[in-house]
Trainee: 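The structure under discussion is supplied below as structure tokens; questions concerning it will follow.
We're numbering straight along the sequence, starting at 1. Both counts, for ligands and for their atoms, begin at 1 and track the order of listing. Side chains included, hydrogens not; waters and symmetry mates left out as well; all remaining heavy atoms used.
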Amino acid sequence: MKALQYRTIGAAPEVVEIETPEPGPGQVRLRVTAAGACHSDAFVMSLPEEAYVYGLPLTLGHEGAGVVDKLGDGVKGVEVGTSVAVYGPWGCGHCYQCAQGRENYCARAGELGIAPPGLGSPGAMAEYMIVDDPRHLVPLGDLDPVANVSLTDAGLTPYHAIKASLPKLVPGSVAVAIGAGGLGHVGIQILRAVTSATVVALDVNEEKLALATEVGAHHAFLSDDGAVDEVRRLSGGRGAIAVLDFVGIQPTMDLGSKMLAVGGDHVMVGVGSGSLPAGFLDRPWESSVRAPYWGYRSELFEVLDLARAGVISVETEVFSLDDAPKAYEKLHAGTLRGRAVVVP
Ligand code: NAD
Ligand code: ZN
Ligand code: ZN
């Protein structure tokens with residue numbers, strides 16, 4: 001089968017021919033219908049050899065959807081032919097976190113060598129993929145896999161980040177999304193769908209600001225100090241009760257700090273190299289800083305239900321598997337609109 005693999009540190013990923021995998025006991029093989037490209041893939045491929053822990057060659061793709069194609073020995077509860085999305089942050093299934101569906105925070109995944117598809121295990125950018133356990137499969141039903149595959153990360157991650165701040169996102173509050181890319185443009189829609197907050201989007205790119213407004217941001221501003229004044233003005237001087245930083249570099253963290261309200265949540269979603277001082281006098285009173293990773297299994301069901309309700313959707317640019325390296329070139333150049341989705 002064809003697969004997109006990262007094979008050499010520092011080099012671009014390549015389309016290669018590899019053996020079609022067979023599902024082992026307890027595993028499920030999917031015929032992949034769609035796979036999304038995330039900025040985290042670009043991050044992984046930017047790591048120097050000493051920091052790279054994902055194994056080579058690595059079949060990319062941690063956003064996956066497919067049709068159940070073959071069941072390994074002992075698999076029950078799923079049927080061949082079912083259209084599914086893949087819950088990506090695989091855990092052990094047994095620890096305290098996993099018992100609550102919080103497999104993204106599994107306490108034992110590292111020790112047991114369990115890694116998400118595309119981030120250690122072979123991913124979805126291939127004609128077929130192996131899913132370790134049927135519990136990672138969420139039925140898509142009538143949802144189009146190509147249009148919705150990215151909800152498994154670009155939807156789930158912002159949803160999880162926003163959900164913990166919901167009690168604060170009351171009428172009259174202001175929420176700020178920094179970075180209106182793959183995650184950000186879905187995050188904006190989630191904020192609109194599940195809160196009554198005024199939603200402000202910030203980006204450095206005018207086209208992303210236009211997309212942010214199209215998908216529902218009440219306001220969109222360039223990501224600079226002028227935005228701090230705008231957010232203060234829009235919030236009656238209080239500042240933003242939630243700042244969702246989908247970039248995570250020092251300039252966006254500093255900007256977010258300047259506009260955060262008393263009691264606000266500063267949420268670091270972007271995997272950048274920024275950091276924040278957290279001493280008693282450094283932050284607005286009672287504010288908190290969170291660094292959420294991906295989301296819970298149960299939340300993926302909720303995100304897909306938001307899509308079914310027609311209140312969120314992913315802006316996609318579709319690529320063939322042969323053209324998948326181009327998707328990453330565009331992601332790297334910042335010229336994608338929404339999310340790149342590869343269809344094998
Ligand atoms: P993306 O490339 O699609 O979007 C990034 C957006 O940020 C772009 O619109 C870009 O123009 C904008 N941007 C860049 N610099 C900016 C700045 N200084 N100010 C404002 N906007 C700026 O990326 P993505 O796939 O949406 O991923 C976003 C980030 O989230 C990445 O760092 C990724 O690694 C991370 N991520 C984290 C998790 C998690 O679990 N925490 C999950 C998925 C992705
Ligand atoms: Zn991702
Ligand atoms: Zn676990």
Side-chain angles (χ1 to χ4, degrees), residues 35-46 60-64 88-112 114 116-119 123-124 133 135 149-161 176-188 201-212 220-224 227 243-256 267-274 290-295 297 314-315 317 327-328 330-340:
C38 178
H39 209 110
S40 296
D41 300 331
F43 169 77
V44 162
M45 291 189 279
S46 75
L60 293 167
H62 57 269
E63 293 181 343
W90 299 348
C92 72
H94 301 287
C95 71
Y96 180 79
Q97 301 295 343
C98 286
Q100 300 174 76
R102 304 177 176 193
E103 297 212 21
N104 50 327
Y105 300 134
C106 174
R108 300 194 63 209
E111 155 202 343
L112 295 172
I114 299 169
L119 294 167
D133 190 291
R135 75 173 184 280
V149 64
S150 294
L151 294 177
T152 57
D153 177 17
L156 177 56
T157 302
Y159 183 76
H160 177 67
V176 175
I178 307 181
L183 271 65
H185 91 286
V186 186
I188 289 163
L202 308 181
D203 206 295
V204 286
N205 177 319
E206 293 284 358
E207 283 167 28
K208 311 278 181 151
L209 291 177
L211 173 62
F221 304 116
L222 281 172
S223 186
D224 58 25
V243 174
L244 300 150
D245 187 336
F246 294 110
V247 185
I249 56 176
Q250 201 58 50
T252 57
M253 287 198 180
D254 291 343
L255 195 66
V267 190
M268 303 304 158
V269 181
V271 185
S273 52
R290 272 203 322 276
Y293 168 64
W294 223 327
R297 271 174 62 198
V314 185
E315 191 70 27
E317 280 192 37
Y328 283 99
K330 287 196 83 175
L331 181 68
H332 185 72
T335 53
L336 280 172
R337 185 183 151 88
R339 205 62 156 174

Trainee: I'd like to check which ligand 1 atoms, numbered from 1 as shown, lie under 4.0 Å from a non-hydrogen atom of G270.
Mentor: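 Atoms satisfying the 4.0 Å criterion: 29 (C), 30 (O), 32 (O), 35 (C).
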
Trainee: Please find out if the Zn ion (ligand 2) and some N, O or S atom of D41 are separated by less than 2.8 Å.
Mentor: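 Under 2.8 Å: D41 has no N, O or S contact with the Zn ion (ligand 2).
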
Trainee: Which residue owns the protein heavy atom closest to atom 28 (C) of ligand 1, what's the atom, and how far is it?
Mentor: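 Of every protein heavy atom, F246 O, 3.1 Å lies nearest to atom 28 (C) of ligand 1.
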
Trainee: Any N or O on M268 sitting closer than 3.5 Å to an N or O of ligand 1?
Mentor: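 No.
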
Trainee: Compute the shortest N/O to N/O distance between L183 and ligand 1 and return yes if it is under 3.5 Å, no if not.
Mentor: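 The answer is yes, given that L183 and ligand 1 share an N or O pair closer than 3.5 Å.
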
Trainee: Work out whether the distance between some heavy atom of H185 and some atom of ligand 1 is less than 4.0 Å.
Mentor: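 Distance cut 4.0 Å: H185 fails for ligand 1.
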
Trainee: Heavy-atom contacts under 4.0 Å between D203 and ligand 1: side chain, backbone, both, or neither?
Mentor: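 It is both backbone and side chain that touch ligand 1.
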
Trainee: Which part of P251 is near ligand 1, with near meaning a heavy atom under 4.0 Å away: side chain, backbone, both or neither?
Mentor: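 Looking at P251 and ligand 1, no heavy atom falls under 4.0 Å.
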
Trainee: Atoms of ligand 1 less than 4.0 Å from G179 heavy atoms?
Mentor: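 Answer for ligand 1: 6 (C), 7 (O), 12 (C), 21 (N).
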
Trainee: Does the residue G334 have a heavy-atom contact with ligand 1, meaning some pair of atoms that are separated by less than 4.0 Å?
Mentor: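 No, G334 has no heavy atom closer than 4.0 Å to ligand 1.
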
Trainee: What part of V204, side chain from CB on, backbone N/CA/C/O, both or neither, has a heavy atom under 4.0 Å from ligand 1?
Mentor: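 Both backbone and side chain of V204 come within 4.0 Å of ligand 1.
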
Trainee: Are any of the N or O atoms of V269 closer than 3.5 Å to those of ligand 1?
Mentor: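 It does: an N or O of V269 is found under 3.5 Å from an N or O of ligand 1.
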
Trainee: With a cut-off of 2.8 Å, does any N, O or S atom of C38 fall short of it relative to the Zn ion (ligand 2)?
Mentor: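 Within the cut-off used here (under 2.8 Å), C38 does place an N, O or S atom near the Zn ion (ligand 2).
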
Trainee: Give the numbers and elements of all ligand 1 atoms closer than 4.0 Å to a heavy atom of T252.
Mentor: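 Taking each heavy atom of T252 in turn, ligand 1 has 17 (C), 18 (N), 19 (N) under 4.0 Å.
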
Trainee: Regarding ligand 1, does S223 bring an N or O atom to under 3.5 Å of one of the ligand's N or O atoms?
Mentor: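 Between S223 and ligand 1, an N or O pair is found under 3.5 Å apart.
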
Trainee: Using a 4.0 Å heavy-atom cut-off, which part of P292 comes near ligand 1: side chain, backbone, both, or neither?
Mentor: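 For P292, only backbone atoms sit under 4.0 Å from ligand 1.
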
Trainee: Check L336 against ligand 1 and report side chain, backbone, both or neither, counting heavy atoms closer than 4.0 Å.
Mentor: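 None of L336 does.
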
Trainee: Closer than 4.0 Å to some heavy atom of W294 - which atoms of ligand 1 meet that?
Mentor: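 Near W294, the atoms of ligand 1 are 39 (C), 40 (O).
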
Trainee: side-chain contact (heavy atoms from CB on, under 4.5 Å), that's the test. Do E207 and R337 meet it? Break it down for me.
Mentor: CA-CA 8 Å; E207 283 167 28; R337 185 183 151 88; over 6 Å; no

Trainee: Hey, what's the angle at the Zn ion (ligand 3) spanning SG (C106) and SG (C98), nearest 10 degrees?
Mentor: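 SG of C106 and SG of C98 make an angle of 110° at the Zn ion (ligand 3), to the nearest 10°.
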
Trainee: Please check if any side-chain donor atom of S150 sits under 3.5 Å from a side-chain acceptor atom of E63, or the reverse.
Mentor: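 Yes, because at least one side-chain N or O of S150 sits under 3.5 Å from a partner of the opposite role on E63.
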
Trainee: Pairs of nitrogen or oxygen atoms closer than 3.5 Å, one from H39 and one from ligand 1: do any exist?
Mentor: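 Yes, H39 has an N/O under 3.5 Å of an N/O on ligand 1.
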
Trainee: Can you tell me which portion of Y293 lies within the under-4.0 Å heavy-atom range of ligand 1? Options are side chain, backbone, both, or neither.
Mentor: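 Both backbone and side chain.
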
Trainee: Using a plain distance cutoff, I'd like to know if G182 has any nitrogen or oxygen under 3.5 Å from a nitrogen or oxygen of ligand 1.
Mentor: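 Min N/O separation from ligand 1 is below 3.5 Å for G182.
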
Trainee: Identify, for atom 25 (O) of ligand 1, the protein heavy atom at the shortest distance, and state residue, atom and that distance.
Mentor: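 Closest protein heavy atom to atom 25 (O) of ligand 1: R339 NH1, 2.6 Å.
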
Trainee: Check the pair V314, H185 against side-chain contact (heavy atoms from CB on, under 4.5 Å), reporting the backbone distance first and the verdict last.
Mentor: CA-CA 8 Å; V314 185; H185 91 286; 3.9 Å; yes

Trainee: Is it the side chain, the backbone, both or neither of I249 that has a heavy atom closer than 4.0 Å to ligand 1?
Mentor: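 I249 to ligand 1: side-chain contact only, backbone stays beyond 4.0 Å.
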
Trainee: For S40, counting its heavy atoms only, list the atoms of ligand 1 lying under 4.0 Å from any of them.
Mentor: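 Near S40, the atoms of ligand 1 are 33 (C), 34 (O), 35 (C), 36 (N), 43 (C), 44 (C).
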
Trainee: Out of curiosity, I114 CD1 to C98 SG, how far, rounded to the nearest 0.5 Å?
Mentor: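 Going from CD1 on I114 over to SG on C98, the span is 7.5 Å.
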
Trainee: Return the closest protein heavy atom for atom 43 (C) of ligand 1 as residue, atom name and distance.
Mentor: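 Answer for atom 43 (C) of ligand 1: D153 OD1, 3.3 Å.
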
Trainee: If you count every heavy atom of other residues, nucleotides or ligands that lies below 6.0 Å from Q100 atom CD, does the total exceed 12?
Mentor: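 More than 12 heavy atoms, drawn from other residues, nucleotides or ligands, come within 6.0 Å of this atom.
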
Trainee: Can you tell me the angle formed at the Zn ion (ligand 3) by SG of C95 and SG of C92, to 10°?
Mentor: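 Value, to the nearest 10 degrees: 110°.
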
Trainee: Could you see which bit of I178 sits under 4.0 Å from ligand 1, with heavy atoms only: side chain, backbone, both or neither?
Mentor: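 Looking at I178 and ligand 1, just side chain atoms fall under 4.0 Å.
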
Trainee: Please check this pair: side chain of R290 against backbone of A161, looking for a donor-acceptor N/O pair closer than 3.5 Å.
Mentor: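 Checked: pair present.
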
Trainee: Give me the nearest non-hydrogen protein atom to atom 32 (O) of ligand 1 as residue plus atom name, then the distance to 0.1 Å.
Mentor: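 So the nearest neighbour among protein heavy atoms is V271 N, 2.9 Å.
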
Trainee: Does N205, backbone or side chain, put an N or O under 3.5 Å from an N or O of ligand 1?
Mentor: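 Among all N and O atoms of N205, none is under 3.5 Å from an N or O of ligand 1.
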
